[in-house]
Amino acid sequence: MSDRPVRVRFAPSPTGYLHIGSARSALFNWLFARRHGGQFILRIEDTDQKRLVADALDDFTAGLRWLGCQWDEGPLVGGEHGPYSQSQRLPIYRQWADWLVEQGHAYRCYCSEERLEQVRQQQTERKEQTGYDRHCRYLTPEQRASYEAAGASHVIRLAIEPLTGSTTFHDAIRGEITFEHSLLQDAVLLKSDGWPTYHLAAVVDDHLMEISHIMRSDEWLNSAPLGVLLYKAFGWEPPVWAHLPVILNPNGKGKMSKRHAVGADGKSIPVLLKEYIAGGYLPEAMSNFLANIGWSLDGSTEVFTPEQAIAAFAIADINPAPAAFPYDKLVWLNGVYIRQLEDDDLYRRLLPFVAQALGMSVESLDARPELRLAAPLIKERIKTLAEAAPMLDFFFVDGPLEIADPQTLIGEKMSAAQTVEALHESAATLAALPDFTRESVEASLRQLSDQLGLKIRQLLHTVRVAVTGAKVSPPLFETIVILGRQRTVARLAAAERAIGER
RNA sequence: GCCCCCAUCGUCUAGUGGACCAGGACACAGGCCUUUCAAGCCUGCGACAGGGGUUCGAAUCCCCUUGGGGGCACCA
């Protein structure tokens, strides 16, 4: 297609935080750049000053780095094609807009918003296609002069040419795409306040930054002909175009919106990358997951590294069909990655999540032994880092443990009296153990269950509820050892009292 | 309304005219394992939207229909 050096860009608009769908676009661009040893550029399209979100840029850079998509040029890292924020490039756009006017490819339009609205209204009434009527495109030199003399404010519009016929361009994912010129608008290139619109700014920057491939969301497909025409008007070599399929809601209905998404079960799911980060998803899982939407490594390998993806990535292999966001698969994949983590690695990642959930500082949590010891126990029981805290909170209760309903201490086919006995004997047995290890605890409790005529599951149910406060917990013997003899015995005794007072 | 794009199991996908009575994964169901819950293992369920062509041969190419998505701003 193009034998230029590969240079691609991710060009978000700081009107909101990094959307999960945008993150995928960024990832695809990054993969492509790495595949070809090219550059991945981050550019900020902040030409809509009204909708600016102050900390959006920080969110983009933090999110991209978290995902592992480090950019080669752009904010924070610089580069030879800067500045990389469009708000700092205003004179460039004005200059090129003026150039287009001089060349006759664009014109000044003095129409007021009121007139535009009026035209639109009339078109609607007559059931005509709405759009600018090109009034100012055919002004006489005298009319133009009088507007200028009056100091009328103006925009600069692209003069679609020719007005008939069509433009066909090649999309690397979809093939030939044709648009009728009669349907195209003389789009605004430069606003009356002197700021450029997306169409102008993107084309000028893409050219000046020597972008070779434009890989962006499907939503831009309809404005691609404008870009193609603009490149032609400028006489610049156009890039390779590739429009990525959009990501739909998990239920398949509508694209994942900026604000919320609807899950397969009708519940809403997060749409911002930061929400997934805060939700305890691993960056390596997210990257793997995102790469698998609209693209696949080989059709059968689900779990793979960025290096594998880089080695295999090709634009032509991208599936053009829109995809429903496979949220369940993300949850599963994250679990896979968590299980692959080394114990110590998992512990370090868990630290901030558990500390926050428990209202502790990371330092004080780190100073205690429980989490480090318990991390291996929950490794295959959590799908996200955020799920750990509610599973382990009982480890961090130093006073008496609240048992909401003492009734739950009673196991299947057990009487209250048997439960009291089980509790009493368990406490006595554990208190008397010469050493307190996983093996000794298990052996003694198994022996006790025989003595009491209980199934091991019955005894352990009662002990589990007494010690952890819940019917479901990490493996009990290890849990008891981590908790320590003193707290274990105290909880067993407390449970015995609780059920006795019933 | 107009224009553009898309169409394989519920979902993410493999498949680029014969090796496909369509493969993998998630989800779901059943079973095994088992101190709970998980994890793991096994099994099952389950799709080429419909109709016309082209061809010796079509999930793969063409057309129509239907369905889905996106776009129609001095927003990106």
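Letters go in sequence order (proteins before strands), and every chain restarts at 1.
Listed by chain and number, the residues in a side chain to side chain contact (heavy atoms under 4.5 Å, CB included) with A/Glu45 are A/Ala11, A/Arg43, A/Gln86, A/Tyr198, A/Ala202 (sequence neighbours excluded). A/Glu421 pairs by the salt bridge (charged side-chain N to carboxylate O under 4.0 Å, His left out) definition with nothing, not counting sequence neighbours. The salt bridge (charged side-chain N to carboxylate O under 4.0 Å, His left out) test applied to A/Arg120 returns A/Glu117, not counting sequence neighbours. Scored by the side chain to side chain donor-acceptor pair (under 3.5 Å) test, A/Ser166 finds no partners at all (sequence neighbours excluded).
Contact between the side-chain N/O atoms of A/Arg457 and the OP1/OP2 oxygens of B/rU36 is found at a separation under 4.0 Å. In this model, the phosphate group of B/rA39 is approached by a side-chain N or O of A/Lys383 to a distance below 4.0 Å at OP1 or OP2.
Note on A/Phe289: nothing from the nucleic acid sits closer than 4.0 angstrom, heavy atoms only. Residue contacts shown for A/Gly254 are limited to sugar-phosphate atoms, with no base heavy atom under 4.0 Å away.
Separation of the C1' atoms belonging to B/rU54 and B/rC61 is 8 Å when rounded to the nearest angstrom. Between B/rA14 and B/rA76, the two C1' atoms lie 35 Å apart (nearest whole Å). Look at the C1' atom in both B/rA47 and B/rG15: the space between them is 13 Å, to the nearest Å. Annotation: B/rG31 and B/rG23 have their P atoms spaced 26 Å apart (nearest Å). Between B/rU60 and B/rA49, the two P atoms lie 8 Å apart (nearest whole Å). Rounded to a whole angstrom, the distance from the C1' atom of B/rU13 to that of B/rA22 is 13 Å. Nucleotides B/rG51 and B/rU16 have their P atoms positioned 24 Å apart, rounded to a whole Å. Nucleotides B/rA59 and B/rG52 have their P atoms positioned 14 Å apart, rounded to a whole Å.
Residue pairs meeting the salt bridge (Lys or Arg N to Asp or Glu O under 4.0 Å) criterion with at least one partner in residues 378-387 of chain A, sequence neighbours excluded, are A/Asp343-A/Lys379. Annotation: salt bridge (Lys or Arg N to Asp or Glu O under 4.0 Å) contacts involving residues 176-193 of chain A, sequence neighbours excluded, comprise A/Arg134-A/Asp186, A/Arg137-A/Asp186. Pairs engaging residues 462-480 of chain A under the salt bridge (Lys or Arg N to Asp or Glu O under 4.0 Å) rule: A/Arg438-A/Glu478 [sequence neighbours left out]. The salt bridge (Lys or Arg N to Asp or Glu O under 4.0 Å) pairs that include a residue from residues 289-306 of chain A are A/Glu302-A/Lys329, where partners are two or more places apart or lie in different chains.
Rounded to whole Å, the distance from CG on A/Leu221 to P on B/rG68 is 20 Å. In this structure, CZ of A/Arg216 is placed 18 Å from P of B/rC4, rounded to the nearest angstrom. Atom-to-atom, CG of A/Leu460 to P of B/rU36 comes out at 8 Å; the value is rounded to the nearest Å. Put simply, CD on A/Glu442 is 12 Å from P on B/rU34, counting in whole angstrom units. In this structure, A/Glu176 atom CD and B/rC4 atom P are separated by 15 Å, rounded to whole Å. Across the protein-nucleic acid pair, A/Phe304 atom CZ and B/rG24 atom C1' stand 13 Å apart, rounded to whole Å. B/rA25 atom C1' lies 12 Å from atom CG of A/Asn288, rounded to whole Å. Remark: C1' of B/rC4 and CG of A/Leu184 are 11 Å apart, rounded to the nearest angstrom.
The pairing partner recorded for B/rU60 is none, the criterion being a Watson-Crick or G-U wobble arrangement whose two distances lie under 3.5 angstrom. Within the shown strands, B/rG1 is the pairing partner of B/rC72 under the Watson-Crick or G-U definition, both distances less than 3.5 Å. In a base pair of the Watson-Crick type (N1 to N3 plus N6-O4 or O6-N4) or a G-U wobble (N1-O2 and O6-N3), with each distance short of 3.5 Å, B/rU35 is matched with no nucleotide. Applying the Watson-Crick and G-U wobble criteria (two distances, each under 3.5 Å), B/rU11 pairs with B/rA25. Under the Watson-Crick and G-U wobble criteria, each requiring two contacts below 3.5 Å, nucleotide B/rC48 is left unpaired.
The aromatic rings of A/Tyr132 and A/Tyr107 lie parallel to each other, with less than 30° between the two planes, well short of the 60° mark.
Centroid-to-centroid, the aromatic rings of A/Phe325 and A/Phe289 come within less than 6.0 Å. Close placement of the A/Trp295 and A/Phe313 rings is indicated, their centers lying within 6.0 Å of each other.
With A/Thr468 contributing its side chain and A/Ala470 its backbone, the two residues share a donor-acceptor pair below 3.5 Å.
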Protein-to-nucleotide contact annotation, 5' to 3' order, nucleotides 71-76 of chain B [B base; S sugar-phosphate only; - none; under 4.0 Å, heavy atom]: S--BBB
Nucleic acid footprint by protein, nucleotides 40-46 of chain B - heavy-atom cut-off 4.0 Å, B for base, S for sugar-phosphate alone: S------
Per-nucleotide protein contact string for nucleotides 6-13 of chain B (B base, S sugar-phosphate only, - none; heavy atom under 4.0 Å): SS---SBS
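Between the base of B/rU35 and the side chain of A/Arg446 there is no donor-acceptor pair shorter than 3.5 Å.
Across the interface with RNA chain B, nearest-nucleotide mapping of A/Arg438 and A/Asp298 shows A/Asp298 to be the residue nearer the 5′ end.
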Under 3.5 Å, sequence neighbours excluded: what are the donor-acceptor pairs made by side chains of residues 219-230 of chain A?
unit_1	atom_1	unit_2	atom_2	d
A/Glu219	OE1	A/Ser217	OG	2.7
A/Glu219	OE2	A/Lys255	NZ	2.3
A/Ser223	OG	A/Trp220	O	3.1

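With hydrogens and angles left out, the side-chain atoms of A/His105 and A/Glu161 include a donor and acceptor closer than 3.5 Å.
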